[in-house]
Number of protein chains: 2
Amino acid sequence: MSWPMAQVCRMSGVTSRTLRHYHRIGLLEPEWTGPGGVRHYGHEQLLRLQRILLMRELDMGLADIARVLDEHRSQAEALREHLRALLAERDRIDTLAATVRRTVDALEEGDAMEAADRPEELFAGFDTSFYTEHARTEWPNEWGRAVRATEGLTEEGWARGRAEVAAQMGRMAVHMAAGTPAGDPVVQSEVHAHYLTVNRTWTPDADAFADLGRVYAEEGPWREVYDRVAPGLADYQSEAMRVYARERLGWRGQA
Amino acid sequence: MSWPMAQVCRMSGVTSRTLRHYHRIGLLEPEWTGPGGVRHYGHEQLLRLQRILLMRELDMGLADIARVLDEHRSQAEALREHLRALLAERDRIDTLAATVRRTVDALEEGDAMEAADRPEELFAGFDTSFYTEHARTEWPNEWGRAVRATEGLTEEGWARGRAEVAAQMGRMAVHMAAGTPAGDPVVQSEVHAHYLTVNRTWTPDADAFADLGRVYAEEGPWREVYDRVAPGLADYQSEAMRVYARERLGWRGQA
DNA sequence: GTTAGGGGTTGACGTTACGTCAACCGCAAC
DNA sequence: GTTGCGGTTGACGTAACGTCAACCCCTAAC
């Protein structure tokens with residue numbers, strides 16, 4: 001006794017598409033095929049389908065199911081392994097959810113990403129002259145080039161620059177809130193973006209870039225601005241820049 | 001200033017394949033394309049890539065990311081929604097893991113699925129005559145046909161039949177351990193398989209099939225066998241058969 | 001001159017478990 | 001004759017790329 005596909009579908013609750021799929025991948029072959037390619041399933045096939053549905057209900061992959069059915073792999077063993085995979089996946093999602101939650105919190109606090117929308121406010125009272133002396137004596141060449149590069153800048157150009165840096169700070173704050181290590185590729189690529197931004201006015205070498213990071217973190221206007229975006233951001237940014245200087249610019253220092 | 005694809009890859013840590021993918025789906029288009037189709041990315045594109053990577057890190061889908069970037073959808077709002085989806089997925093996996101664990105436990109107890117491997121042992125001492133009187137008086141026609149159908153059965157045929165029923169019991173025990181409701185399609189399709197098995201010797205109508213389920217659950221050899229496979233299985237099987245009789249055979253009774 | 005090598009690029013196919021859809025086919029009613 | 005219905009089939013799409021064969025350009029070596 002055997003039944004055509006449509007009847008098997010009604011009997012078992014699966015769609016015809018599913019049965020055709022199982023046929024194609026060799027998981028469940030019909031007993032025989034009638035004229036016009038009509039598939040017919042026998043008793044044996046129905047029982048096999050039952051076993052398939054049982055394991056599929058537990059979210060096992062079809063490949064694993066096939067292994068259990070055809071290679072006489074222990075079902076209990078397969079399920080134990082499947083359980084391990086499930087728990088690992090749950091933990092991964094759990095961690096991810098916590099990260100996202102922290103990120104949302106950081107966004108909602110309104111200090112991180114919204115800062116990117118109000119760069120003027122963020123940089124209000126920023127005193128550039130604070131660093132002038134340090135830069136002029138420590139990196140005279142770079143200082144000179146920076147001055148020349150910014151000489152021709154319009155006010156709109158300055159504003160765009162501030163907005164860009166503010167946006168970078170916002171993204172960096174999200175990375176920090178997410179708990180991403182400062183050495184993570186995605187953070188490093190963010191630092192690289194910052195490096196490119198800086199490059200538009202001057203070209204720091206490894207030493208100078210690492211020093212710039214240090215300056216961000218020490219007491220002063222920069223630290224204030226960074227920490228206004230998110231507490232601790234100055235240190236995080238500084239650390240990320242130190243890693244970048246070491247790994248991408250060949251910096252050898254430690255300070 | 002702009003950079004060719006390979007350099008952007010090294011800068012940002014993504015593969016060239018990824019960038020080509022983003023190009024194809026319109027998520028990130030190069031600033032201009034050189035001879036030979038070489039893609040070049042400018043400053044603006046790099047910043048956009050940063051934003052993409054930031055959200056991708058949190059497992060957001062590319063479509064959602066595109067919505068945030070292009071349709072000015074609030075990032076916080078998108079992330080909150082994403083968080084809800086993550087939590088739901090975690091709960092789903094959690095429930096599933098608990099189900100799989102129960103299933104594994106049921107399998108390990110050795111009484112469920114292994115019963116399918118020792119049908120003779122399972123049915124040891126099974127006394128068919130127990131039900132002879134009931135069946136003969138209550139369902140005389142069916143009884144007669146069953147007798148005729150089993151007359152020509154070899155011992156091997158009987159053994160195969162027992163093995164099949166034992167295997168069905170094992171699967172049903174797993175469904176029960178998994179906490180699947182008796183009315184669930186997958187369980188009902190298992191009952192249907194049982195129905196087909198029974199049909200090989202006689203053809204119960206709705207009443208008879210429901211009654212058969214009742215018989216499985218009442219005190220006697222059948223209940224003993226079922227509960228030997230897994231405690232509570234007799235009632236579960238009986239309930240599933242009652243649902244089947246109602247929904248698939250048009251049974252109107254309640255008892 | 002040419003040839004091998006290296007670095008870069010492209011399109012095409014594979015991945016999971018099917019859903020969705022246009023096309024076709026046989027059979028019954030009008 | 002045709003119109004509809006129930007059934008079937010193959011083909012394409014899904015998410016986010018990995019992997020791979022093929023091809024192109026430039027350079028150094030023979």
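Within every chain, numbering begins at 1; the chains are lettered A, B, ... in the order of the sequence lines, protein sequences first and strands thereafter. Side chains included, hydrogens not; waters and symmetry mates left out as well; all remaining heavy atoms used. This is a predicted model, so every value here is computed, not measured.
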For A/Glu31 and A/His43, which I'm curious about, is there any donor-acceptor pair between the side chains at under 3.5 Å? no
Under 4.5 Å between any side-chain heavy atoms of B/Met5 and B/Val38, yes or no? no
Would you call A/Asp105 and A/Arg102 a salt bridge, taking side-chain N to carboxylate O under 4.0 Å as the test? no
Mind telling me whether A/Trp32 and A/His40 have parallel, tilted or perpendicular rings, with 30° and 60° as the class edges? parallel
Taking DNA chain D as the partner, which of residues 9-22 of chain B come within under 4.0 angstrom of it by heavy atom? B/Thr15, B/Arg17, B/Thr18, B/His21, B/Tyr22
Atom pair distance, as rounded to whole Å: CD1 in B/Ile65 and P in D/dA16: 8 Å
For B/Asp64 and D/dT14, what is the distance between atoms CG and P respectively, to the nearest whole Å? 15 Å
Which of parallel (below 30°), tilted (30 to 60°) and perpendicular (above 60°) describes B/His192 and B/Tyr244? tilted
What is the separation between atom CZ on B/Arg24 and atom P on C/dC13, rounded to the nearest whole Å? 12 Å
Salt-bridged, A/Arg92 to B/Asp59, with N to O below 4.0 Å? yes
Once you round it to whole Å, what is the distance between P of C/dT16 and CD of A/Glu89? 15 Å
Run the salt-bridge test on B/Arg48 and B/Glu29 with the 4.0 Å N-O cut-off and return the result as yes or no. no
Rounded to whole Å, how long is the line connecting atom CG of A/Leu28 with atom C1' of C/dC18? 15 Å
Is the shortest distance from a Lys or Arg side-chain nitrogen in B/Arg84 or B/Glu89 to a carboxylate oxygen in the other one below 4.0 Å? no
Measure from CD1 on A/Ile25 to C1' on C/dG14 and round the result to the nearest Å. 15 Å
For DNA chain C, stems built from three or more consecutive Watson-Crick or G-U wobble pairs below 3.5 Å: C:1-30 with D:1-30
Carboxylate-amine/guanidinium proximity below 4.0 Å for A/Arg200 and A/Glu164: yes
Value in whole Å for how far the P atom of D/dC17 lies from CG of B/Leu49: 11 Å
Tell me: NE2 of B/His40 to P of C/dT9, nearest whole Å? 9 Å
